[in-house]
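This report refers to the structure that appears directly beneath it.
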Amino acid sequence: MCSMIGYIGPRPVSQMLTSSLGQLECNGDESCGIALVDAGTPRIVRSVGDIARLEATVAEIESPESALACGIGQTSSMAQDKPTWEKGHPYQDCKGQIVVVHSGTIENYVELKRQLTLEGHSFHTATDSEVIPHLIEKYFEGNIVKAVKSALLEIRGFLAILVISTEDELRIVAAQCGSPLIVGLGNGENFVASDIPPLLPHTSSVIAMNDGEIAVIRHQSIELQTLDGKAFSSERIPCPADVAERQGFSHFMLKEIFEQPTIMRHACRGRLNVDIGVVLEEELGPAEIFSSVQRVVIVGRGSSRHAALVGEFFIESFARLQVEVDYAAEFRYRDAPLGPDTLVIAVTRSGETADTLSAMEEAQQKGAFVLSVCNAAGSLAARLADSVLYTRAGLETGVSPTKTFTMQLLALYLIGLFLARVRGTMTREEVLRRARLLTRVPEQVEQILDRSSAISALAEVFSNYHHALLLGSGINYPIALEGADKLKAISHVHADAYPTAELHHGPFGLIEKNMPVVILAPNDHNYNETLANLTEVKARNGVVLAIATEGDHEITAKADYTFQIPKADPFVNPFLSIIPLQLFAYHIAMLRGINVDKPRGLMTRGASGSATS
C-alpha cells in the first residue's frame with residue numbers, strides 16, 4: 001500500500017512533498033518519508049505514522065540558500081517488516097548516493113538480495129524495496145538513467161520507482177513497470193506521482209506513463225524513453241484543477257455521490273439514439289465484431305467485480321449470451337478455454353489494476369477480443385484493450401468507489417443493449433424502451449438524494465452496531481455485496497452479504513437483536529421470496545432495514561425501518577438501490593468519527609496488489 005510523489009523546481013521541496021503526500025495518504029499507512037537533493041549528501045526524513053508527524057520534522061532538511069532542488073517521498077504500509085523509523089522509505093544504497101522510493105512488488109527480490117549480499121552489499125530491512133538502490137548502485141558508472149535501466153532488466157514484478165542521486169545531475173528518474181505513474185507538467189518545475197490528485201493544484205496537463213517507460217524529469221524538461229533507450233513523445237492530457245475541489249461538500253465521497261445524476265446524463269450523451277436505441281460503434285468498433293460473439297467473460301476486482309456481476313444479468317438477459325464473471329486475480333491461474341468467439345470485458349476503475357491487466361493479456365494471448373470498461377483515458381487498460389468504453393465518471397478522489405461503480409453499471413447496461421441490437425435478440429421497440437428507462441435513472445437518483453436526511457437518520461439508529469448482514473436476490477445480490485463492502489471499508493463495520501435464499505445455509509444462526517439485517521426488497525420477480533425471508537428474520541428477533549419500492553406498504557409493515565426507492569424496472573433497480581447504501585455507509589462513518597476520504601486499510605488507485613478496482 002504505497003503512494004509516491006516527486007518534485008523538481010524552485011519551491012520549498014519539503015513542503016511540496018509533504019502536502020502532496022497528505023493528499024495521497026490513507027488511514028493505515030504505517031510510515032512515510034521524503035528525500036531532498038540539491039548539492040551534496042541526500043537529506044532524508046522518515047516518520048512512523050501519518051504525515052502530520054513527518055511535517056513536524058521536515059523543516060530541518062530544507063536548504064534556504066538553494067535556488068533549485070528535487071525530492072521524492074512516499075507513504076506506505078510495511079507488509080514485509082515492522083514499521084520503524086530506520087526501516088521506512090526512502091531507501092539508499094551502501095554509499096548513500098542513490099535514493100529510491102518504490103510502489104508495487106518485486107517477485108524475485110529474495111534471490112536478488114542474496115546475490116547482492118554475496119557481492120558485499122548490506123541490508124537493514126526485510127523489504128523488497130531496499131534491493132532497488134543497491135541494484136542501481138551495482139550498475140552505476142556516472143549515469144543514473146543507464147543504471148536504472150540495467151537494474152530494471154533484472155527485476156521481475158509489478159512496480160514503479162522514483163530515483164534521485166547526488167552523483168548525477170539534478171533530475172528525477174521515474175520508471176513504470178506495472179504500477180502507475182503520472183507526470184505533471186509545470187512552469188519551471190515538474191512533478192511525478194502515483195496518482196493525479198496532488199498534481200492538480202500545480203499543473204494543467206499531465207502525461208500518463210506506460211509500462212516499460214522511463215521519464216527523466218528536469219525542472220524545465222521531461223524526456224521519455226523506453227527501457228531500450230528509444231526516445232518518444234506522449235500525449236498531454238488536460239487536467240483542470242477545480243475537479244479536485246470539494247465544492248462545498250464536507251468530503252469528496254459525499255460530493256461524488258451527489259454528482260452521479262449529472263454524470264449519468266453526460267455518459268448517455270451520444271450513445272443513445274431515438275431510432276435504434278444505443279449506438280456504440282464509434283467507441284467499440286464495427287457491429288460485425290460483436291455479432292459473432294458466443295460467450296462473454298467479465299473480470300474485475302473489488303467494486304468492479306460487483307459491477308461485473310450486475311453486468312452478467314444485463315448481458316445474459318438482453319443479448320442471450322452465456323456470461324461468466326471471475327476475479328481478475330484468479331483468472332490467469334484457471335487456464336480458462338478462450339478463443340476468437342469469446343468477448344472478455346475487463347472492468348477497472350483506474351485502468352491500472354495489475355491483476356486485471358494480466359487477465360487482459362492472458363485473454364488476448366488466447367485469441368479473445370478484449371473490451372475494457374474503465375474511467376481513465378490513456379490508462380494501461382485502455383491502451384491494452386482491443387476496444388474501450390469509458391465510464392465518463394471524471395476524477396474520483398474518494399478512495400472507495402461511488403460514482404465510478406454506478407457508471408460501470410451504466411456502461412455494462414449499454415453494452416448489454418448494444419449486443420442485443422447487433423445480435424438481434426431484442427426487437428427495435430424493446431431496445432428503445434430499455435434505452436428510455438435508462439434516461440429516467442438520473443431523475444430517480446435525484447429523488448433519492450433529495451431524501452438523504454432520512455438516510456442520515458437511519459444511520460444514527462444503526463451506527464452503534466458492529467456487525468451487519470445484507471441480503472439481495474438475483475440482480476440485487478451484487479448490490480448487497482457492494483453495500484457490505486462500503487460498510488466494511490468506509491464505516492469499519494463487519495458486514496457480509498448473501499443471496500436471500502442462502503439465509504438458511506449458515507447466516508440464520510447469527511441473527512439476533514444485535515445483528516441488523518439490511519434487505520434489498522424492490523418489487524420484482526424475487527419479491528415474494530424476499531418477503532418470506534424477511535418474515536423469518538423478524539421471527540428470530542432480527543432488526544431489519546428494508547430498501548423497498550415506493551408505495552410498498554406490506555414491507556413497511558413487516559420491517560423495523562424502511563427506505564423507499566422510486567418504482568422502476570427490475571434492471572434499473574441496481575442504479576437506485578446502491579445510492580442509499582452509499583449514503584448509509586457515509587453517515588455511519590461520520591457518526592463513528594472516521595475520515596471517509598482516507599479510510600483505514602484502503603489503497604490508492606492502481607497500485608500493484610491494491611484493493612482498487
Side-chain angles (χ1 to χ4, degrees), residues 1-4 102-108 152 155-161 174-182 194-196 207-214 226-227 234-235 237 284 296-308 311 324-336 338 342-391 396 401 404 408 411-412 603-613:
M1 190 187 307
C2 302
S3 302
M4 303 190 300
H102 157 236
S103 173
T105 57
I106 301 174
E107 295 172 355
N108 62 331
L152 288 173
I155 293 174
R156 295 195 313 270
F158 297 95
L159 69 149
I161 60 173
Q176 175 172 314
C177 298
S179 198
L181 284 176
I182 309 292
S194 54
D195 207 351
I196 288 179
I207 296 171
M209 292 181 63
N210 298 313
D211 276 355
E213 292 180 359
I214 288 179
T226 60
L227 282 178
S234 187
E235 177 187 6
I237 303 169
L284 301 188
V296 177
V297 177
I298 315 178
V299 296
R301 288 192 65 179
S303 293
S304 293
R305 181 177 170 274
H306 299 157
E324 299 172 33
V325 177
D326 205 350
Y327 292 95
E330 298 297 324
F331 178 78
R332 55 181 169 158
Y333 301 117
R334 284 205 302 121
D335 193 23
L338 305 173
T342 306
L343 171 63
V344 173
I345 303 175
V347 186
T348 164
R349 170 171 71 154
S350 65
E352 307 285 352
T353 310
D355 290 320
T356 305
L357 296 171
S358 295
M360 293 171 68
E361 291 172 345
E362 171 94 0
Q364 286 179 323
Q365 288 169 7
K366 293 183 176 181
F369 187 90
V370 175
L371 164 61
S372 171
V373 172
C374 76
N375 192 47
S379 64
L380 288 175
R383 295 192 296 269
L384 179 62
D386 297 302
S387 65
V388 57
L389 188 65
Y390 289 113
T391 54
E396 186 167 61
T404 51
Q408 287 171 347
L412 290 164
M603 306 180 190
T604 54
R605 291 157 289 283
S608 175
S610 79
T612 63
S613 47

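Numbers here simply count residues along the sequence, with the first being 1. What you are looking at is a predicted structure, and each value in this text was computed from that prediction instead of being measured.
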Practice task
Report the distance from atom CD of Gln176 to atom CD1 of Ile161, rounding to the nearest 0.5 Å.
Solution key: 11.5 Å
Practice task
Look only at the side chain of Ser194 and the backbone of Met4, and say whether a donor-acceptor pair between them is shorter than 3.5 Å.
Solution key: yes
Practice task
Evaluate the side-chain proximity of Val344 to Met360: yes if any heavy-atom separation is below 4.5 Å, no if none is.
Solution key: no
Handout entry: Test item: Asn108 side-chain N/O and Ile155 main-chain N/O as donor-acceptor pair under 3.5 Å
Key = no
Exercise for the section: Quick one: pull up CG in Leu380 and CG in Asp211 and give me the separation to the nearest 0.5 Å. Expected result: 4.5 Å
Handout entry: Residue pair Ala411 / Val373: nearest heavy atoms and the distance that separates them
Key = CB-CG1, 3.8 Å
Practice task
Before giving the answer on side chain to side chain contact (heavy atoms under 4.5 Å, CB included), spell out for Asp195 and Ile182 the whole-Å C-alpha distance, their side-chain angles and the decisive distance to 0.1 Å.
Solution key: CA-CA 6 Å; Asp195 207 351; Ile182 309 292; 5.6 Å; no
Practice task
Could you check if a side-chain atom of Leu343 sits within less than 4.5 angstrom of a side-chain atom of Leu371, using non-hydrogen atoms only?
Solution key: yes
Exercise for the section: For residues Thr105 and His102, report the shortest heavy-atom separation together with the two atoms involved. Expected result: N-NE2, 4.0 Å
Problem - For Arg156, side chain to side chain donor-acceptor pair (under 3.5 Å) partners two or more places apart - result: none
Handout entry: Under 3.5 Å: donor-acceptor pair, side chain of Gln408, backbone of Ala307
Key = no
Fill in the blank from the handout: One should read off an interatomic distance between Cys177 SG and Met209 CE, to the nearest 0.5 angstrom, of 8.5 Å
Handout entry: Pairwise side chain to side chain donor-acceptor pair (under 3.5 Å) hits with a residue in residues 366-380, at least two apart
Key = Asp335-Lys366, Glu362-Lys366, Asn375-Thr391
Exercise for the section: Please confirm whether the backbone N or O of Thr404 pairs with a side-chain atom of Glu396, one donor and one acceptor, at under 3.5 Å? Expected result: yes
Practice task
Can you sort out the partners of Ala328 under side chain to side chain contact (heavy atoms under 4.5 Å, CB included), two or more places apart, ordered by chain and number?
Solution key: Val299, Arg301, Asp355, Thr356
Problem - Ser358: side chain to side chain contact (heavy atoms under 4.5 Å, CB included) partners, not counting sequence neighbours - result: Phe158, Arg332
Practice task
For Val325 and Ala308, work out which heavy atoms get closest and say how close.
Solution key: CG2-O, 3.6 Å
Problem - Any donor-acceptor N/O pair, Glu352 side chain to Ala376 backbone, under 3.5 Å - result: no
Practice task
Find the distance between CG (Leu389) and SG (Cys374) and round it off to the nearest 0.5 Å.
Solution key: 9.0 Å
Exercise for the section: Mind checking side chain to side chain donor-acceptor pair (under 3.5 Å) for Glu324 and listing every partner two or more places apart, or none if nothing turns up? Expected result: Arg295
Problem - Atom OH of Tyr327 with >12 non-hydrogen neighbours under 6.0 angstrom - result: no
Practice task
Only counting residues at least two apart or in another chain, list the ones meeting side chain to side chain donor-acceptor pair (under 3.5 Å) with Ser387.
Solution key: none
Problem - Taking every non-hydrogen atom, the tightest pair across Leu357 and Gly351 - result: CD2-O, 3.9 Å
Problem - From CD1 (Ile106) to CG (Leu152), nearest 0.5 Å - result: 9.0 Å
Problem - Nearest-0.5 Å distance that lies between atom CD in Glu361 and atom CG in Leu384 - result: 5.5 Å
Practice task
For Val370 and Ala363, work out which heavy atoms get closest and say how close.
Solution key: CG2-CB, 3.8 Å
Problem - Minimum heavy-atom distance between Phe369 and Leu284, given as atom pair plus value - result: CZ-O, 4.4 Å
